[in-house]
Colleague: 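After the C-alpha cells below, expect a handful of questions from me.
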Amino acid sequence: MSAIEDIELERHRAQMLHDMRALVEKYRAIFDWDVPGVNQTEADRLIVQAMHDALAKVASDLSGKASSS
C-alpha cells in the first residue's frame, strides 16, 4: 500500500471500528429478540465468528476481482 492509501485508511480507522461495533450490536439485539434466554457470551462468539467469516469472503471476492482486472 502506498503512503496515500495509508493516510486515507488512518482517517477512517476509528469510523470502521465504530461501524463494526454497531453491526455487532445490531445482531446482538436480533438474538435477544429471537432467542428467549439467550446465552449472550455464546451469541457474541457466534456473531463475531460469522462477521469474521463474512469479512474473509469479502476479502476473497475482492482479491479475485483484483487478479481478474
Colleague: Show the atom names and distances, to 0.1 Å, of all donor-acceptor pairs under 3.5 Å that link a side chain in residues 17-28 to residues at least two apart or in another chain.
Modeller:
| residue | atom | partner | partner atom | Å |
| --- | --- | --- | --- | --- |
| D19 | OD1 | Q15 | NE2 | 2.7 |
| E25 | OE2 | R28 | NH1 | 3.2 |
| R28 | NE | D44 | OD1 | 2.7 |
| R28 | NH2 | D44 | OD2 | 3.2 |

Colleague: To the nearest 0.5 Å, what is the distance between CZ on R11 and CG on D6?
Modeller: 12.0 Å

Colleague: Do L9 and I7 share a hydrophobic cluster (ILVMFWY, side-chain heavy atoms under 4.5 Å, transitive)?
Modeller: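 Different hydrophobic clusters.
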
Colleague: For residues 51-58, which side-chain donor-acceptor pairs fall under 3.5 Å, sequence neighbours excluded?
Modeller:
| residue | atom | partner | partner atom | Å |
| --- | --- | --- | --- | --- |
| D53 | OD1 | Q49 | NE2 | 2.7 |
| K57 | NZ | D61 | OD1 | 2.7 |
| K57 | NZ | D61 | OD2 | 3.4 |

Colleague: Flag yes if V48 and L46 sit in one hydrophobic cluster, no otherwise; membership is Ile, Leu, Val, Met, Phe, Trp, Tyr, and two members link when side-chain heavy atoms are under 4.5 Å apart.
Modeller: no

